Amino acid sequence: MRQASIQRTTKETDVSITLCLEGGEVNVSTGIGFFDHMLTALAFYAGFGLEVAALGDLHVDGHHTVEDVGIVLGQALREALGDKRGIRRYGTAMIPMDEALCRTVLDLSDRPYLVFDAPMPQSMTGGYDSCLTVEFMRALTMNSRITLHQKCEYGDNAHHITEALFKSLGRALKEAVRIESGDITSTKGAL
């Protein structure tokens with residue numbers, strides 16, 4: 001079973017995540033309703049089991065909570081993938097959400113790199129700062145050690161853009177983590 005449980009406690013947050021690449025229950029509680037909705041959508045479209053319990057200094061703002069969830073989820077993804085033997089490795093998805101169209105392309109490469117091109121027309125979606133989406137993606141990328149490219153082709157609503165980004169990330173991950181052989185998907189013989 002490809003799964004991992006990671007906990008991280010700092011003076012700003014206490015984050016506990018269990019991730020199962022083979023599926024399972026999805027329960028997310030971060031104290032930021034829209035972010036919970038995005039993480040739930042990501043797990044659903046990836047076909048992952050995901051348990052997230054996060055307590056953060058929300059009296060300051062949501063930044064530390066969102067970033068630290070990205071850090072811990074990235075670490076859990078890396079651990080759950082193990083030696084990556086047999087995985088497809090690459091994933092691509094384009095997701096429309098009303099007027100918005102977003103694309104995610106990724107490589108489970110062990111070479112962390114983020115390209116993020118998704119301007120947010122509104123600064124807030126509920127109690128969620130729209131600028132935190134890139135912070136989450138950066139933390140996830142660096143800690144899972146993946147290459148992640150995300151682009152909003154067009155869109156006028158930050159809610160729709162953010163949701164399409166998270167859903168396309170889920171669909172691309174579902175494709176990339178799929179076991180296709182017993183080999184390492186690399187001409188180098190290692191990822």
Side-chain angles (χ1 to χ4, degrees), residues 1-10 13-32 35-56 65-95 104-114 133 135-150 163-191:
M1 187 76 86
R2 297 180 299 162
Q3 63 184 27
S5 293
I6 306 282
Q7 180 161 1
R8 181 174 193 265
T9 302
T10 70
T13 65
D14 186 4
V15 179
S16 177
I17 292 181
T18 298
L19 173 68
C20 181
L21 304 185
E22 316 304 337
E25 295 292 317
V26 176
N27 293 300
V28 177
S29 177
T30 67
I32 305 169
F35 187 46
D36 291 353
H37 179 47
M38 294 302 95
L39 293 171
T40 300
L42 189 162
F44 177 84
Y45 286 97
F48 293 166
L50 181 63
E51 303 280 337
V52 177
L55 297 173
T65 300
V66 172
E67 183 178 36
D68 287 5
V69 167
I71 289 169
V72 177
L73 182 57
Q75 292 170 348
L77 178 60
R78 187 166 187 222
E79 185 176 312
L81 284 167
D83 68 1
K84 302 178 186 174
R85 183 166 299 280
I87 63 167
R88 179 179 177 90
R89 178 180 169 178
Y90 298 102
T92 303
M94 265 185 116
I95 296 290
T104 295
V105 181
L106 59 83
D107 177 7
L108 304 181
S109 61
D110 209 33
R111 290 190 312 276
Y113 201 92
L114 175 66
T133 300
E135 298 300 331
F136 171 81
M137 297 302 176
R138 184 177 297 113
L140 176 75
T141 297
M142 296 304 152
N143 286 276
S144 60
R145 299 188 53 82
I146 66 175
T147 299
L148 176 62
H149 292 245
Q150 289 196 303
E163 191 158 347
L165 290 168
F166 273 85
K167 287 178 176 179
S168 64
L169 175 61
R171 293 290 297 181
L173 281 169
K174 182 176 189 169
E175 182 179 331
V177 304
R178 186 172 60 228
I179 301 286
E180 292 191 330
S181 73
D183 300 322
I184 298 289
T185 310
S186 172
T187 56
K188 297 180 190 123
L191 283 174

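Bear in mind the structure is a predicted one, so any value in this text is a computation, not a measurement.
The backbone N or O of Leu55 sits nowhere less than 3.5 Å from a side-chain atom of Asp14 that would complete a donor-acceptor pair. Under a 3.5 Å cut-off, the side chain of Thr185 and the backbone N or O of Ile87 do form a donor-acceptor pair.
Within the model, atoms OH of Tyr90 and CZ of Arg178 stand 15.0 Å from one another, a figure rounded to the nearest 0.5 Å. Separating the CZ atom in Arg78 from the NZ atom in Lys84 is a distance of 7.0 Å, to the nearest 0.5 Å. Once rounded to the nearest 0.5 Å, the distance linking CZ of Arg145 with OH of Tyr113 reads 14.5 Å. Interatomic distance, CZ of Arg171 versus NZ of Lys167, reported as 11.5 Å (0.5 Å rounding). Summarising the geometry, atom CD1 belonging to Ile71 is positioned 7.5 Å from atom OG1 belonging to Thr13; distances are rounded to the nearest 0.5 Å. Expressed to the nearest 0.5 Å, how far CG of Leu114 lies from CZ of Arg138 amounts to 6.0 Å.
Considering only heavy atoms from C-beta on, Leu108 comes within 4.5 Å of Leu173 through its side chain. Taking 4.5 Å as the limit, some side-chain heavy atom of Leu169 sits within range of a side-chain heavy atom of Leu148. Contact of the Leu73 side chain with the Leu50 side chain is registered, since non-hydrogen atoms from C-beta on lie closer than 4.5 Å. Residues Met38 and Leu42 form no side-chain contact, since every pair of their non-hydrogen atoms from C-beta on lies 4.5 Å or further apart. Side-chain contact between Ile95 and Phe166 is absent, with no heavy atoms from C-beta onward closer than 4.5 Å.
Annotation for Ala139 and Glu67: closest pair CB-O, 3.4 Å, computed over non-hydrogen atoms. Across all non-hydrogen atoms, the minimal contact from Ala76 to Ala4 is O-CB, 3.5 Å. Closest of all the heavy-atom pairs between Gly91 and Ala176 is N-CB, 3.9 Å. The shortest heavy-atom contact between Arg111 and Thr147 is O-OG1, 2.8 Å. Closest heavy-atom contact between Leu77 and Ser144: CD2-CB, 3.9 Å. Of all heavy-atom pairs between Val66 and Ile32, the closest is CG2-CD1, 3.9 Å.
Remark: Arg89 CZ is packed, more than 12 non-hydrogen atoms of other residues, nucleotides or ligands lying under 6.0 Å away.
Under the ring pair (Phe, Tyr, Trp, His ring centres under 6.0 Å) criterion, Phe35 pairs with Phe136, not counting sequence neighbours. For Thr104, the side chain to side chain donor-acceptor pair (under 3.5 Å) partners at least two apart in sequence or on another chain are Gln150, Ser168.
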Using a 3.5 Å cut-off and no angle test, enumerate the donor-acceptor pairs between side-chain atoms of residues 15-28 and protein atoms at least two apart in sequence or in another chain.
residue, atom, partner, partner atom, Å
Thr18, OG1, Ser5, OG, 2.8
Glu22, OE2, Arg2, NE, 2.7
Asn27, ND2, Glu51, OE1, 3.4
Asn27, ND2, Glu51, OE2, 3.1

